[in-house]
Amino acid sequence: MRTERTQLRGEEGVREAAESHAIDVLTIEETITLALGASRGQLQVSALVDLGVRLRGHIALLREPARKAADGMWHGGTEWHRHIARLDGIERQMAQAPSPLPFAALIEVQLMARDCRWLLDGYREGWR
């Protein structure tokens, strides 16, 4: 009886964790739009840092389905090679520390937004 309760609690925790990591497409789109439009206004370093953190979180969520899609592709094709090269570039970018300089931070945020857009588009299309 006790082990059954423990299993049920464990299953509920897994279900809650999966729901909390669900991909919210609208929120991601909003963040991308804000990031790409950041250069139109006055540069606020705190806003860029916030956008960078949000984009990193979105990319972390979207990277997993993209990696699974690459694993399902034929590993000798050009499509697989382009896909995996882009993913590797995104992962290298995410491993770098954010720049403390305002203009460099703006460029980083805009590049992350483009990467996030690519991941989101692929997620929506089911990675072809």
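Values reported hereafter were calculated over all heavy atoms of this structure, with side chains retained and with hydrogens, waters and symmetry mates removed.
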Can you find a heavy atom in the side chain of E30 that is under 4.5 Å from one in the side chain of R54? yes

Over all atoms of both residues, closest heavy-atom pair of A66 and H83: O-NE2, 2.9 Å

Scan I59, I107, L51, I90 and name whichever one has a side-chain contact (heavy atoms from CB on, under 4.5 Å) with M112. I59

Closest non-hydrogen atoms of R56 and M94, given as atom of the first, atom of the second and distance, are NH1-O, 2.7 Å

Inter- and intrachain pairs under ring-ring contact (aromatic ring centres under 6.0 Å, His included), touching residues 37-77, at least two apart: H75-W80

Is a side-chain donor or acceptor of E108 paired with a backbone partner of S99 at a separation under 3.5 angstrom? yes

Give a yes or no on whether F103 and L48 share a hydrophobic cluster (residues Ile, Leu, Val, Met, Phe, Trp, Tyr; joining criterion: side-chain heavy atoms under 4.5 Å apart). yes

In the structure I gave you, are the side-chain heavy atoms of L62 and I28 within less than 4.5 Å of one another anywhere? yes

Side chain to side chain contact (heavy atoms under 4.5 Å, CB included) partners for P102, two or more places apart: V45

Within a strict 4.5 Å, meaning less than it, do heavy atoms of the L119 and P65 side chains meet? no

Carefully, step by step, assess E64 and Y123 under the rule side-chain contact (heavy atoms from CB on, under 4.5 Å). CA-CA 10 Å; E64 175 94 18; Y123 175 78; over 6 Å; no

For R117 against I32, the heavy-atom pair lying closest together: NH2-CG2, 3.4 Å

For residues L34 and V49: do they belong to one hydrophobic cluster (side chain heavy atoms under 4.5 Å, members Ile, Leu, Val, Met, Phe, Trp, Tyr)? no

Least distance between heavy atoms, L87 atom then A70 atom: CD1-CB, 4.4 Å

Does the side chain of D24 come within less than 4.5 Å of L26's, by heavy atoms? yes

Check whether any side-chain heavy atom of I84 sits under 4.5 Å from a side-chain heavy atom of R67, and report yes or no. yes

Is the shortest heavy-atom distance from the side chain of D115 to the side chain of R86 under 4.5 Å? yes

What is the distance from atom CG of L111 to atom CG of L55, rounded to the nearest 0.5 Å? 11.0 Å

Can you list the residues that meet the salt bridge (Lys or Arg N to Asp or Glu O under 4.0 Å) rule with R114, with sequence neighbours excluded? none

